[in-house]
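This report concerns only the one structure given below.
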Amino acid sequence: MNRRQVLLAGGATVTTALLAACSGTGGTSTDPAGADAKPRKGGTLRVGALGRAGAITRDPHGTQANESDYLVISLVHDTLTAPGAKDNTAPRLATGWKASDDLKTWRFTLAEGATFHDGTPVTAEDVVWSLRRLRATPSGASRLPGIKAAGIKAEGDRTVVLVSDYANAELPLLMRLTTFVLPKGTKDKDIAKAPGTGPFKLDWFRSGNARLVRNDDWHGGEVLLDAVEVKIFESPQAMSNALLAGQIDVASNVGAVAARTAEKREDIQIVRRPDDMAMPIVMRTESGPFADPKVREALKLAVDRKAMVKQVLSGYGKVGNDILGTGDPAYAKDIPQRERDLARARKLLKEAGFDTSKTYELLTTEDISGLAESATLFATQVREAGVRIEVVKQESATFWDKTWLKGDLYTTYWGTNDSVVFLASKTMVSDSAQNEAAWDNAEFDAAYRKVTGTKDAAARADALGELQRIEHESSGYLLWGVADGIDLAAAPVRGLPTLPGYGRVQLERAWLAR
């Protein structure tokens with residue numbers, strides 16, 4: 001999975017949650033079957049997704065830089081928990097979970113009758129093996145926070161026991177990141193062709209393009225489409241053109257520019273997913289020119305956030321306040337919005353002794369629409385505070401290998417932004433394997449442990465508010481805005497999911513009205 005495409009969730013029962021998650025398109029329609037037509041089975045949905053041929057990966061537990069790879073993997077393999085429309089954590093391969101009184105031991109119950117695509121029953125041993133394999137990856141500690149390999153055990157055929165090093169009330173939510181399940185003992189050389197448990201089976205895969213067919217035995221209920229064909233595109237523009245030419249039915253995660261272009265097209269639906277993509281600028285806090293909190297605050301004050309949202313996102317998004325998780329129901333709305341203040345920014349830079357005669361590099365990629373553009377506009381804006389920035393674009397593989405987690409100043413993105421705790425666990429707790437800003441703040445760590453270790457709702461809410469206050473004041477994240485996730489779809493497409501992150505690839509309830 002692409003570590004930026006974070007899984008966030010909700011729901012009560014697997015069938016109900018998934019139906020709710022995919023209940024509408026969110027766009028206009030010229031449905032030939034009528035607006036009130038009932039879902040029907042059949043047809044092949046042709047989906048375009050971004051990716052580069054040189055970055056293809058087939059490993060569900062690896063890092064997918066391609067959205068096309070992520071889409072294919074997510075349709076073939078189930079995670080234990082998933083996004084939903086009602087609550088933050090919904091069932092997927094696991095239908096239920098229960099914690100011990102001390103919140104350290106969790107038992108996950110697997111879906112009854114769940115099988116792999118070859119007909120083999122899914123057992124707790126398969127899940128244990130898969131989670132241990134996931135834990136052994138370079139970023140395994142952050143993917144399974146607080147869980148060591150020895151703390152992952154089977155209890156009978158359908159119960160998986162996870163023992164955390166610390167009390168963690170949020171473990172089911174945190175388990176949404178890449179907990180894809182493979183048959184026990186699958187060899188690395190066979191991973192690409194290993195059977196999954198998801199709603200679609202892999203028919204073929206060629207150079208990033210794939211065809212998947214319906215899994216009639218899926219444990220989650222009826223799958224409507226006969227097949228999904230995934231086509232890889234290197235740019236949003238090429239993907240949009242393919243949709244307009246009738247070569248694909250859905251342009252996935254195509255971006256705000258394409259949405260603005262399609263606004264007057266009655267034959268094109270615009271599907272919006274609020275709080276889908278956080279696009280912060282990361283400032284290294286451990287060392288380097290941005291280690292001083294005053295310098296970081298100065299840059300945060302130098303940004304014109306409304307202009308960034310208007311120009312970079314074409315208005316398809318909202319202003320950020322340097323706290324990841326803007327879509328969280330518990331997001332702290334009482335923390336004052338940071339506004340542009342160039343005079344104070346210059347004052348803070350002077351107090352910090354920041355060298356304004358130097359030019360500093362801001363490293364970015366063109367992985368997603370608007371990312372490089374945000375870097376360029378940011379550089380222009382902070383120049384008014386006396387900070388000279390040179391934007392350096394890197395090829396995707398180089399960026400994630402040499403800059404991510406290491407750079408002094410760089411862009412990043414997280415494809416879902418509706419859980420403060422989830423993102424804190426992945427990127428800000430001092431021992432996180434994906435601590436992007438190298439932030440080590442004992443006060444923040446203590447607040448995080450209090451949030452995850454507290455049962456009392458009021459006490460937990462207070463701790464969550466404190467967590468966000470600390471993040472807002474001193475973290476290395478400059479979150480200027482949050483982009484809507486945007487799909488463009490042909491008129492006959494129905495039932496596309498409107499949830500962000502992993503939720504947007506749940507296509508089992510999608511159907512074609514033709």
Side-chain angles (χ1 to χ4, degrees), residues 19-50 67-68 71 85 209 223-277 309-318 368-370 373 415 481-501 503-514:
L19 284 170
C22 305
S23 60
T25 64
T28 59
S29 171
T30 55
D31 182 0
D36 298 325
K38 294 182 178 179
R40 63 179 69 172
K41 292 186 70 170
T44 297
L45 184 68
R46 301 167 300 168
V47 182
L50 296 173
E67 296 220 357
S68 52
L71 174 58
N209 303 307
V223 180
L224 298 175
L225 294 167
D226 288 337
V228 174
E229 291 182 356
V230 177
K231 184 173 177 59
I232 187 172
F233 290 90
E234 290 203 355
S235 73
Q237 181 179 359
M239 185 163 55
S240 299
N241 290 341
L243 175 69
L244 297 177
Q247 297 168 359
I248 58 175
D249 304 304
V250 177
S252 176
N253 217 30
V254 73
V257 174
R260 186 66 68 197
T261 302
E263 282 179 340
K264 297 181 180 180
R265 291 286 299 259
E266 294 185 358
D267 57 333
I268 301 296
Q269 305 175 63
I270 300 173
V271 183
R272 298 178 66 165
R273 300 181 303 277
D275 294 296
D276 186 70
M277 185 73 68
V309 171
K310 181 179 180 180
Q311 295 181 50
V312 176
L313 305 180
S314 297
Y316 284 87
K318 66 183 182 184
I368 62 168
S369 177
E373 292 82 357
V482 181
D484 291 346
I486 297 171
D487 295 338
L488 299 183
V493 179
R494 293 289 175 269
L496 287 179
T498 55
L499 290 175
R504 66 180 173 76
V505 298
Q506 296 176 25
L507 298 178
E508 58 271 7
R509 308 303 181 211
W511 58 285
L512 296 171
R514 59 185 178 197

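Since we're looking at a predicted model, the values are computed, not measured.
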Exercise. Checking side-chain contact (heavy atoms from CB on, under 4.5 Å) for the pair Lys318/Asp275: CA distance, chi angles, key distance, verdict?
Worked result: CA-CA 8 Å; Lys318 66 183 182 184; Asp275 294 296; 2.9 Å; yes
Approximate separation, where rounding is to 0.5 Å, of [X] [atom1] and [Y] [atom2]:
X      : Y      : atom1 : atom2 : value
Arg494 : Leu45  : CZ    : CG    : 12.0 Å
Asn253 : Leu50  : CG    : CG    : 7.0 Å
Thr498 : Asp276 : OG1   : CG    : 10.5 Å

For this session: Apply side chain to side chain donor-acceptor pair (under 3.5 Å) to Asp487 and list each qualifying residue two or more places apart in sequence or on a separate chain.
Result: Arg273
Might you point out which heavy atoms bring [X] and [Y] nearest each other, and give the distance in Å?
X      : Y      : result
Ser314 : Ala256 : CB-CB, 4.0 Å
Ala489 : Leu496 : CB-CD1, 3.7 Å
Thr44  : Leu512 : O-CD1, 3.5 Å
Val223 : Arg509 : N-NH1, 4.3 Å
Asp484 : Pro274 : OD1-CA, 3.6 Å

Exercise. Does a sphere of radius 6.0 Å around NZ in Lys41 hold more than 12 heavy atoms from other residues, nucleotides or ligands, not counting ones at 6.0 Å or beyond?
Worked result: yes
Residue pair [X] / [Y], side-chain heavy-atom distance below 4.5 Å:
X      : Y      : value
Leu488 : Arg265 : no
Leu243 : Val254 : no
Ser252 : Arg504 : yes
Leu507 : Leu71  : yes

Distance-only donor-acceptor hits, side chain of residues 225-241, under 3.5 Å, sequence neighbours excluded:
from, atom 1, to, atom 2, distance (Å)
Asp226, OD1, Arg214, NH1, 2.8
Asp226, OD1, Arg214, NH2, 3.2
Asp226, OD2, Gly43, N, 3.1
Glu229, OE2, Arg211, NH1, 2.8
Ser235, OG, Ala238, N, 3.1
Ser240, OG, Pro236, O, 3.0
Asn241, ND2, Gln237, O, 3.3

Please check: side-chain N/O of [X] versus main-chain N/O of [Y], any donor-acceptor pairing under 3.5 Å?
X      : Y      : result
Arg40  : Trp511 : no
Gln269 : Val493 : yes
Arg46  : Gly246 : yes

